[in-house]
Amino acid sequence: TLEATVQGPSRRSVSNRIQTLVHRGEYYIGLKPETRFLTKGDKLGVNVLTVNPSGEIIPGRNVKLTLLKREWHSVRKAEMGGRFRWVTEKEDTEIESRSIKTKFESLPETFLPEKAGYYILKAESQDKRKNTVSTSFSFYVTGRDYVPWKREDDDVIELVADQENYRPGEMARILVKSPYEKAQALVTLEREGVLESRVQEIVGSSSAIEIPVLSEHIPNVYVCVLLVQGRTSDEKADRDQDLGKPSFKIGYVNLGVDPGEKKLSVSIEM
């Protein structure tokens with residue numbers, strides 16, 4: 001943004017500005033994943049290409065692809081008054097990297113994440129002017145492994161749906177970011193009340209639950225997961241801090257449902 005201000009003899013000011021886009025490099029890297037929600041053992045397919053700012057494909061560019069696994073390491077920190085709070089640091093670990101040269105058509109590549117968790121696929125390149133060009137996307141891998149998610153001092157957990165919107169008849173898969181290795185879960189479908197409920201066991205911290213999407217769920221439905229864990233230890237940090245006491249966690253996610261079958265088709269004949 002370039003802004004200019006001119007002040008006249010009468011001390012009146014007149015201002016104006018213009019804006020222009022400065023591209024990071026001579027081209028962009030395009031990444032198109034087949035999905036962002038995998039099950040442990042599935043391969044991730046991704047298409048790679050390079051295009052100029054006008055959208056024209058530019059082949060023959062060297063691109064480095066790096067698969068990273070992100071983990072959160074949390075510890076309880078003692079504070080004044082004998083209270084404890086969670087302190088979390090994130091760490092990205094390189095799982096695999098490879099170099100490719102782009103072509104006139106998108107180049108398919110596959111990766112095999114061996115464990116459940118949160119992953120980032122990063123693409124980097126350098127143009128003739130030594131400008132670094134990069135792009136990335138993230139995805140989840142569900143499974144029965146224990147994944148150390150970020151810990152907070154509240155009782156809220158994050159639920160991640162594999163899609164933003166569904167059609168009646170589809171199966172929604174929801175990742176439960178559980179802090180427990182094993183817990184009992186009360187799963188409810190809600191909208192202006194509880195529509196359905198069930199109890200199931202959640203093993204691992206990255207398991208997925210499946211929810212059949214029905215016409216009755218149009219235009220949306222909320223999924224609630226309440227995790228309950230019994231006492232894990234009789235030891236107390238002090239008389240006020242019982243770290244092994246029974247606990248619970250709760251999370252909500254909104255599933256949008258396509259209302260297409262509820263739309264009325266209207267035609268006018270003259």
Side-chain angles (χ1 to χ4, degrees), residues 23-52 57-77 86-103 105-152 157-164 173-181 203-208:
H23 298 281
R24 182 178 295 275
E26 297 175 344
Y27 54 88
Y28 286 90
I29 305 173
L31 297 177
K32 184 179 181 181
E34 294 178 352
T35 181
R36 297 197 180 192
F37 210 90
L38 301 175
T39 302
K40 182 180 176 180
D42 293 344
K43 292 183 178 180
L44 171 71
V46 59
N47 291 311
V48 187
L49 54 73
T50 47
V51 298
N52 63 17
I57 296 178
I58 300 179
R61 300 301 188 267
N62 295 316
V63 177
K64 181 181 179 182
L65 299 176
T66 304
L67 180 63
L68 304 171
K69 187 175 189 294
R70 175 166 293 179
E71 293 183 332
W72 290 263
H73 303 288
S74 303
V75 296
R76 285 187 182 271
K77 181 180 178 181
W86 285 106
V87 177
T88 304
E89 294 183 355
K90 66 181 180 181
E91 179 185 16
D92 291 339
T93 304
E94 181 177 320
I95 305 300
E96 181 185 351
S97 66
R98 68 183 69 163
S99 296
I100 63 172
K101 180 171 287 188
T102 58
K103 299 181 179 180
E105 64 278 353
S106 59
L107 191 64
E109 294 289 328
T110 58
F111 293 86
L112 179 59
E114 296 183 353
K115 296 182 179 180
Y118 180 79
Y119 290 84
I120 300 171
L121 184 62
K122 185 177 181 180
E124 285 186 324
S125 183
Q126 194 174 73
D127 64 14
K128 296 178 180 178
R129 300 179 182 180
K130 305 299 181 181
N131 295 314
T132 298
V133 182
S134 66
T135 188
S136 64
F137 71 87
S138 60
F139 62 96
Y140 289 95
V141 179
T142 63
R144 298 168 72 91
D145 300 333
Y146 180 78
V147 178
W149 305 109
K150 183 179 180 181
R151 299 294 296 267
E152 301 285 356
I157 57 172
E158 184 180 2
L159 307 181
V160 182
D162 61 341
Q163 297 178 200
E164 293 184 0
R173 296 179 62 240
I174 300 171
L175 168 67
V176 181
K177 291 188 176 182
S178 170
Y180 309 129
E181 294 185 11
V203 179
S205 61
S206 57
S207 295

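Counting from 1, the numbers follow the sequence of the chain as shown.
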Carefully, step by step, assess Ile95 and Phe111 under the rule side chain to side chain contact (heavy atoms under 4.5 Å, CB included). CA-CA 10 Å; Ile95 305 300; Phe111 293 86; over 6 Å; no

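- Looking at every heavy atom in both residues, Tyr146 comes nearest to Pro179 through OH-O, 3.6 Å.
- Taking both residues in full, the closest heavy atoms of Glu109 and Ile100 are given as OE2-CG2, 3.5 Å, listed atom of the first, atom of the second, then distance.
- A side-chain N or O of Thr39 and one of Arg173 form a donor-acceptor pair less than 3.5 Å apart.
- When all heavy atoms are compared, the tightest approach of Trp86 to Glu152 is CD1-O, 3.2 Å.
- Between Ser206 and Val147, the closest heavy-atom pair is OG-CG2, 3.6 Å.
- Between the OG1 atom in Thr93 and the CD1 atom in Ile120 there is a gap of 11.0 Å [rounded to 0.5 Å].
- A distance of 9.0 Å separates CD in Glu114 from CD in Glu96, rounded to the nearest 0.5 Å.
- Using a distance-only test at 3.5 Å, with no hydrogens or angles considered, no donor-acceptor pair links the side chain of Asp92 to the main chain of Leu68.
- Side-chain atoms of Ser74 do not come within 3.5 Å of backbone N or O of Thr88 as any donor-acceptor pair.
- Taken to the nearest 0.5 Å, the CH2 atom of Trp149 stands 9.5 Å off from the CD atom of Glu71.
- Counting only heavy atoms from C-beta outward, the side chains of Leu107 and Thr102 never approach each other to under 4.5 Å.
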Got a list of side-chain donor-acceptor pairs under 3.5 Å for residues 28-37, not counting sequence neighbours?
from: Tyr28; atom 1: OH; to: His23; atom 2: ND1; distance (Å): 2.8
from: Thr35; atom 1: OG1; to: Phe37; atom 2: N; distance (Å): 3.1
from: Thr35; atom 1: OG1; to: Phe37; atom 2: O; distance (Å): 3.4

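- In this structure, CG on Leu175 lies 9.5 Å from CD1 on Ile157, to the nearest 0.5 angstrom.
- Using modelled atom types, no side-chain atom of Ser125 and backbone atom of Val133 make a donor-acceptor pair closer than 3.5 Å.
- Other residues, nucleotides and ligands place more than 12 heavy atoms under 6.0 Å from the CD atom of Glu94.
- With hydrogens and angles ignored, the 3.5 Å screen pairs no side-chain donor or acceptor of Thr66 with any backbone N or O of Ser97.
- Other residues, nucleotides and ligands contribute at most 12 non-hydrogen atoms within 6.0 Å of the NZ atom of Lys122.
- Nearest heavy-atom pair across Lys177 and Val160 is CE-CG2, 4.0 Å.
- Interatomic distance, Tyr119 OH to Tyr140 OH, rounded to the nearest 0.5 Å: 13.0 Å.
- Atom CG of residue Leu112 and atom NZ of residue Lys40 lie 10.5 Å apart, to the nearest 0.5 angstrom.
- The number of heavy atoms from other shown groups lying within 6.0 Å of CZ (Arg98) is above 12.
- Residues Lys128 and Glu26 come closest through the heavy atom pair N-OE1, 3.7 Å.
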